[in-house]
Amino acid sequence: MKFKILTLFPEMYPGPIKYSIIGKALSKKIFSIETINIRKFSKLKSKSVDDKPFGGGAGMIIKPDILQSALDSIKRSKNSKIIYFSPRGKLLKQACSKDLIKYDELILICGRYEGIDERFLIHNNIQELSVGDYVLSGGEIASFILIDTCVRLIPEVLGNRNSLEFESFERHLLEYPQYTKPFEWNKIKVPDVLISGNHSKISKWREKKSIEKTKKTRPDLWKLYKSNEREKK
Ligand code: SAH
């Protein structure tokens, strides 16, 4: 999988994706990243890329012609998709990441300032993606999130596939609580069931805890889980 990133701050990469499991996958070339510096495509002496918004208002907008030259400079793969990070986009969810790893190449466009000229999105029919209901100061952090969540879904990346099956958001449930050694810590013991050796009992307990946690912290997911279970019956 290739990630090609249009950014005003290429020096931010590979940044956090250099570490741990994702970092290993990067050095093993299971995925690659390439940055395209938007500023390089400004024809102005000042290398400026933005201007004031038509109609007034705060901040600056990145110009469409500069973004287009940057995009056109990329040699595209056949199975490629373009994404613009934006708080106005569709919310990134686990299901969405699963869908995105079907592409060989993702072209990620990182905005800055007040954003980019709408015509660039219309002309290239670009999907907008948000990483959450809050405003970041640039798309780069969003790109790290997207890359991380996609890469860990690539089959060779996580050693133990089971660890994906029971993760949060599978079946619209959050993960059950986890414990490791020591058995007793700060006068709190690991629940007995987990050391019972009875796998069916353990599964049932974990399912129950997953449901309890989801119901309490994410009633929106809990509703989806309930309606899914009803459909199965
Ligand atoms: N004026 C815009 C926000 C611009 S923030 C608005 O109100 O919608 C600057 C850049 O940060 C955006 O162009 C976008 O690329 C990125 N960004 C900010 N919040 C984001 C989010 N929640 N998800 C993805 N990208 C985001």
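Indexing begins at 1, ligand by ligand and atom by atom, following the structure's order.
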Shortest non-hydrogen pair, Ser130 vs Gly89, comes out as CB-O, 3.6 Å
Residue shell for ligand 1, any heavy atom closer than 4.0 Å, reads Tyr84, Phe85, Ser86, Pro87, Arg88, Gly111, Arg112, Tyr113, Glu114, Gly115, Leu129, Ser130, Val131, Gly132, Tyr134, Val135, Leu136, Ser137, Gly138, Gly139, Ala142
Tightest non-hydrogen contact, residues Trp222 and Thr214, listed as N-CG2, 3.8 Å
Separation between NZ (Lys4) and CD1 (Ile82), nearest 0.5 Å, reads 11.5 Å
Quick note, side chain to side chain donor-acceptor pair (under 3.5 Å) partners involving residues 54-79, not counting sequence neighbours, are Gln68-Asp72, Gln68-Asn124, Arg76-Ser80, Ser77-Glu105
(Q) Hydrogens and angles aside, do Tyr13 and Ser143 bring a side-chain donor and acceptor to less than 3.5 Å of each other? (A) yes
In this structure, CD1 of Ile195 is separated from CD1 of Ile202 (nearest 0.5 Å) by 9.5 Å
